[in-house]
Number of protein chains: 2
Amino acid sequence: MDRVDVDGPCDQGCPIKKTALIIEGKWTTLVIRELLSGKKRYSHLHRALQGISPKVLSSRLRMLEEKKLISRTVFATVPVTTEYQLTELGLKLQPVLLAMAEFGSQWQQH
Amino acid sequence: MDRVDVDGPCDQGCPIKKTALIIEGKWTTLVIRELLSGKKRYSHLHRALQGISPKVLSSRLRMLEEKKLISRTVFATVPVTTEYQLTELGLKLQPVLLAMAEFGSQWQQH
DNA sequence: GGACATAACTATACTAAAGGAAGTAGTTAC
DNA sequence: GTAACTACTTCCTTTAGTATAGTTATGTCC
């Protein structure tokens, strides 16, 4: 049997929920934040996001790539390097991150 | 022993990270979305957010209350009812949710 | 006066996701 | 041949989230 309407009243396709499904995981917004300032390599991201495990980093990158928010380019350098970059679609997350930054800077820990 | 500086280069007090720490858990943004349209009771939230477990709902509400983003008022009705409402501080999350809604409505599932 | 209902939870058992340590593959420098 | 570098993967433990049953304090129904 199909699950027909699992969501609440205003939830069929609620746009906030759609976005939440992307960014709700740990580290996701910080990966995107790093990429807002331009293309970055795996090792740069790993160093910049101190504390992230390679497992979580690569799974986040794969998830964002699947959702067409970032692109992955491999270069045949020695050793090979990989560059990640926000797509046009991914760049549309910038206002979300900016709003988060605005809130965060107003918010003194209580 | 104290953990002294776990964060990366630009991370000591990165405002995006601060906001991410609040909203990164599952359901958190949807709880806030419900409260944006005014004060709500526990049972309303539970019905509106179909699929949320009472354990997660109450832990989210307690977390948001601790962080002074929502307030909790108990009424001596029969049976007692509880109302949750965004504080002035919590209302400042509105632009974040609006940006998320804007992105979500542009984003057709791939 | 015992059964049932309601609101707002808490408790318990289980599963999925995240974290930490270590290892892998290909290549080049020493 | 050994070490180093990049970009990962694998294995195992810990934490987060799900599903559902139970609790407390009333009050109504019969």
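Computed from a predicted model, the values in this text were never measured in an experiment. Chain naming here is simple, since letters A, B, ... match the order of the sequence lines and numbering starts at 1 in each.
- Across the protein-nucleic acid pair, L57(B) atom CG and dA8(C) atom P stand 10 Å apart, rounded to whole Å.
- If you take NZ of K40(B) and P of dA8(C), they are 14 Å apart, rounded to a whole angstrom.
- In this structure, CE of M63(A) is placed 12 Å from P of dA17(C), rounded to the nearest angstrom.
- Applying the side chain to side chain contact (heavy atoms under 4.5 Å, CB included) test to L91(B) and every residue at least two apart in sequence or in another chain returns L36(B), L86(B), Q94(B).
- Applying the side chain to side chain contact (heavy atoms under 4.5 Å, CB included) criterion to T77(B), with sequence neighbours excluded, gives F75(B), T81(B).
- Atom CD in Q50(A) sits roughly 12 Å away from atom P in dG20(C) (whole-Å rounding).
- Considering only side-chain N and O atoms, W27(B) lies nowhere under 4.0 angstrom from the phosphate OP1 or OP2 of dA16(D).
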Only distances under 3.5 Å count here; give the side-chain donor-acceptor pairs of residues 39-46 of chain B to other protein atoms, sequence neighbours excluded, each with its distance to 0.1 Å.
unit_1, atom_1, unit_2, atom_2, d
K40(B), NZ, E34(B), O, 3.0
K40(B), NZ, S37(B), OG, 2.8
H46(B), NE2, I52(B), O, 3.3

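- Listed by chain and number, the residues in a side chain to side chain donor-acceptor pair (under 3.5 Å) with R72(A) are Y84(A) (sequence neighbours excluded).
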Please tabulate, one pair per line, each protein N/O and nucleotide N/O from nucleotides 6-10 of chain D that are separated by under 3.5 Å, including the distance.
unit_1, atom_1, unit_2, atom_2, d
dT6(D), O3', V80(A), O, 3.3
dA7(D), OP1, T82(A), N, 2.6
dA7(D), OP2, S43(A), N, 2.9
dA7(D), OP2, S43(A), OG, 3.0
dC8(D), OP1, R72(A), NH2, 2.8
dC8(D), OP2, Y84(A), OH, 2.6
dT9(D), OP2, R62(A), NH2, 3.0

Original post:
How far apart are the C-alpha atoms of M100(B) and T29(B), what are their side-chain angles, what is the distance that settles it, and do they pass the side chain to side chain contact (heavy atoms under 4.5 Å, CB included) test?
Top reply: CA-CA 10 Å; M100(B) 288 176 67; T29(B) 49; 4.0 Å; yes
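- Using a 4.0 Å cut-off, some side-chain N or O of K26(B) falls inside it from OP1 or OP2 of dT18(D).
- Whole-Å rounding puts the I52(B) CD1 to dA16(D) P distance at 16 Å.
- The distance from atom CG of L45(B) to atom P of dA7(C) is 13 Å, rounded to the nearest whole Å.
- Among residues two or more places apart in sequence or in another chain, the side chain to side chain contact (heavy atoms under 4.5 Å, CB included) test is passed with S59(B) by none.
- In this entry the distance linking CG of L30(A) with P of dA18(C) reads 14 Å, nearest Å.
- Rounded to whole Å, atom P of dA17(C) lies 16 Å from atom CD of E24(B).
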